[in-house]
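Taking it in order: structure first as structure tokens, then the write-up.
Worth knowing before you read on, the calculation uses all heavy atoms, side chains too, and leaves out hydrogens, waters and symmetry mates. Lettering follows sequence order; numbering is per chain, from 1. All figures in this text were calculated on a predicted structure; none of them were measured in a lab.
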Number of protein chains: 2
Amino acid sequence: MLDWEDLRSFLAVARAGTLSGAARSLGIRQSTMGRRLAAFEARAGVLLLQKTPRGYVLTSAGEAALAEAEKMETAALAAERAITGQDTRLAGEVRLTTIETLAAEVLMPILAQFAADYPGILVKLISSQRTLSLAAREADLAVRMARPLGGDLVIRKLGDIGYGYYTSPAYLARHGVPTPGGAGHRVILMEDDAPNFPEYVAMAQYFAEAEVGFRSDSRYVQLQACKAGLGVACLAHYLAAPQGLARLPGCDANREVWLVQHRDTKETPRFKALSAALVNGMKAQNALLAG
Amino acid sequence: MLDWEDLRSFLAVARAGTLSGAARSLGIRQSTMGRRLAAFEARAGVLLLQKTPRGYVLTSAGEAALAEAEKMETAALAAERAITGQDTRLAGEVRLTTIETLAAEVLMPILAQFAADYPGILVKLISSQRTLSLAAREADLAVRMARPLGGDLVIRKLGDIGYGYYTSPAYLARHGVPTPGGAGHRVILMEDDAPNFPEYVAMAQYFAEAEVGFRSDSRYVQLQACKAGLGVACLAHYLAAPQGLARLPGCDANREVWLVQHRDTKETPRFKALSAALVNGMKAQNALLAG
DNA sequence: CAGTCATTATGCGTTTACGCATAGGAGGCC
DNA sequence: GGCCTCCTATGCGTAAACGCATAATGACTG
């Protein structure tokens, strides 16, 4: 009879490719993971993961087992959600995830009020680079900058975020207002040109003839670069407006903001409470957000 | 993040209804099971199993979790079978299950030869009262007295077992040959009248007017009762014929013998080897078995 | 109503599994 | 080639989990 925790370890190693990576994903030590895998294979009697110079790769025997281990994981996560969904206390922890600027500038005042209203609920605000999975219970609620699709998700629209081209007064005085094409101007962009955010795509078109003045993946760094006169940035109104930057014409991009949670935890009281607070709080800031 | 082994423990308790029963089913102690369940519920934060005077019963929260835990078990068993199915060694353990008499009288000589042919393979012969589940990996191969239906099973017919009415020469001398109806005779039956084995049903009809002389669930006990002159028993030819009992007319019941294994382990060499030995060995005894 | 058999709860000693620390490779990059 | 980083392997001490034993409780039976 195989140990279910060992199956989980096997799954982690098969995914990560290394003992260390697998151990990290489960929050245990690499030495422990190595021993567990050894125990698992000893009991299985078959070699499931072959050690190669590039890490562990599945044998053909392992592939068959992997498929079932993944089914186990799916069921385990569903069980976890089912249990959470049955938690009727108006207390405990809620993990909310969204992008950094929205969290800091828009959500914080809402959460401050919420903390006062529900002292028993602890909100954990996670602003991860990576989009966290609600299905995998990496977070309970998510505020997303686009309408999520598919999955067993429940979604509510929180509002629209308007974007504009901004620059510092000093830059404006020296270079003037850019015309379409942006010839002779400098723009502040993301590290990679990959992102297909609507406002970013529009900017790439509008400033097709401009040069790159600065690059950063952090909106806050972009904001500071903008204030320092390094060029024109495409920023959300809520972020740029209070900073005394000059708003330039030519941008009418906006993005929808959606509140997302998993269907299984829809009825959980503490999630409902935070959800309602976010909907109301965002509604009150509608004018600022749209610009 | 819930512990998968705890989920398994929860499932066991939900099924068994008691900590002790659950512990037995997993091969651990009752104290351990109690502590695991406590840890599980503490982490879940919700009461999943309510303790009642009659044992543990699921709360509504628990029912949701149970369904997922059962899916996990299904996947875990499938994983185990997948792993076993990939074991290419012509060595190791094979667990074979069937009824007691067939095991002792018919299978033993076949297994003795098999043990000599394949010294690396250890055959475990389990003659359990209860029909063991191949899907749950309680056994690897099963010799069944009826054609199994459904499931992901692979089946091969091993032959037919003939039955006859037998009694001791002394009983026969005193009571004569029974006529249809069996009036004035005594029959040896099972403990309960429930079993719907074909030969048993036929006997109940044929001896409708007879009295009950003895009851036992063990065929060996029935055999001895028969030899002791307690009445007429319906016994398989292979069991009764070598014992010097008198065979009576009126019985033409027979049952098919099938070899069963799970589809997932069909290709495993050591199972294939035993399977072939059983098929050949049974074929050689066809005449004796049919009577 | 006592006796039996099942259950759960708890204390104690031991084993096991774990984290930590360290040593020994195996690429990747300047 | 040397350095850096990430990996795996292994020894050691500790802490958590386990088995065992026992007590307490409750249900069924004669």
Side-chain angles (χ1 to χ4, degrees), chain A residues 1-59 61-62 65-66 69 72 76 129-130 191-192, chain B residues 1-59 61-62 65-66 69 72 76 129-130 191-192:
Chain A
M1 211 158 35
L2 293 174
D3 185 301
W4 284 16
E5 276 292 301
D6 284 350
L7 274 164
R8 184 189 211 170
S9 300
F10 159 73
L11 175 63
V13 175
R15 284 233 181 88
T18 67
L19 295 181
S20 305
R24 269 193 301 276
S25 74
L26 293 189
I28 58 176
R29 300 294 148 188
Q30 158 267 137
S31 50
T32 300
M33 183 59 78
R35 287 187 272 244
R36 278 204 196 168
L37 187 66
F40 178 65
E41 296 217 318
R43 209 175 297 194
V46 196
L47 189 68
L48 297 170
L49 289 160
Q50 188 114 28
K51 192 160 60 178
T52 74
R54 304 211 179 290
Y56 287 84
V57 295
L58 284 165
T59 64
L66 176 65
M72 283 188 75
Q129 297 292 67
R130 180 170 72 86
E191 288 286 354
D192 302 315
Chain B
M1 212 156 41
L2 293 173
D3 185 302
W4 285 15
E5 277 292 303
D6 283 350
L7 274 164
R8 184 188 210 169
S9 301
F10 159 74
L11 175 63
V13 175
R15 285 232 180 91
T18 67
L19 295 181
S20 306
R24 268 193 301 276
S25 74
L26 293 189
I28 58 176
R29 301 292 151 191
Q30 158 265 137
S31 49
T32 300
M33 183 58 78
R35 288 187 271 247
R36 277 204 197 170
L37 188 65
F40 178 63
E41 296 216 319
R43 210 176 295 195
V46 196
L47 189 69
L48 297 171
L49 288 160
Q50 188 113 28
K51 193 161 59 179
T52 74
R54 305 213 176 286
Y56 287 85
V57 294
L58 284 166
T59 64
L66 176 66
M72 281 187 76
Q129 296 293 68
R130 179 170 72 86
E191 289 285 355
D192 302 315

Whole-Å gap separating [atom2] ([N]) and [atom1] ([X]):
{"X": "A:L19", "N": "D:dA9", "atom1": "CG", "atom2": "C1'", "result": "10 Å"}
{"X": "B:M33", "N": "C:dT7", "atom1": "CE", "atom2": "P", "result": "13 Å"}
{"X": "B:Y56", "N": "C:dA6", "atom1": "OH", "atom2": "P", "result": "18 Å"}
{"X": "A:L26", "N": "C:dG19", "atom1": "CG", "atom2": "P", "result": "11 Å"}

Review point. In Å, rounded to the nearest 0.5 Å, how long is the span from CG of A:L58 to CD of A:Q50?
Key: 10.5 Å
Which heavy atom in [X] sits nearest to a heavy atom in [Y], and how many Å separate them?
{"X": "B:G62", "Y": "B:F10", "value": "O-CZ, 3.6 Å"}
{"X": "A:W4", "Y": "B:E5", "value": "N-OE2, 2.6 Å"}
{"X": "A:A16", "Y": "A:A22", "value": "CB-N, 3.4 Å"}
{"X": "B:M72", "Y": "B:L7", "value": "SD-CD1, 3.6 Å"}

Review point. Quick one: is A:K51 getting a side-chain N or O under 4.0 Å of the C:dA26 phosphate, OP1 or OP2?
Key: no
Review point. Under 4.0 angstrom, heavy atoms only, what part of the nucleic acid is A:S20 near: base, sugar-phosphate, or nothing?
Key: base
Show me the donor-acceptor pairs, under 3.5 Å and distance only, between side chains in residues 32-45 of chain B and residues at least two apart or in other chains.
residue: B:R36; atom: NH1; partner: B:S9; partner atom: OG; Å: 3.1
residue: B:E41; atom: OE2; partner: B:L48; partner atom: N; Å: 2.9
residue: B:E41; atom: OE2; partner: B:L49; partner atom: N; Å: 3.0
residue: B:R43; atom: NH1; partner: B:M1; partner atom: O; Å: 3.3

Practice item. Report, as a single string ordered 5' to 3', how protein heavy atoms within less than 4.0 Å touch nucleotides 13-21 of chain D: B base, S sugar-phosphate only, - not at all. Key: -----BBB-
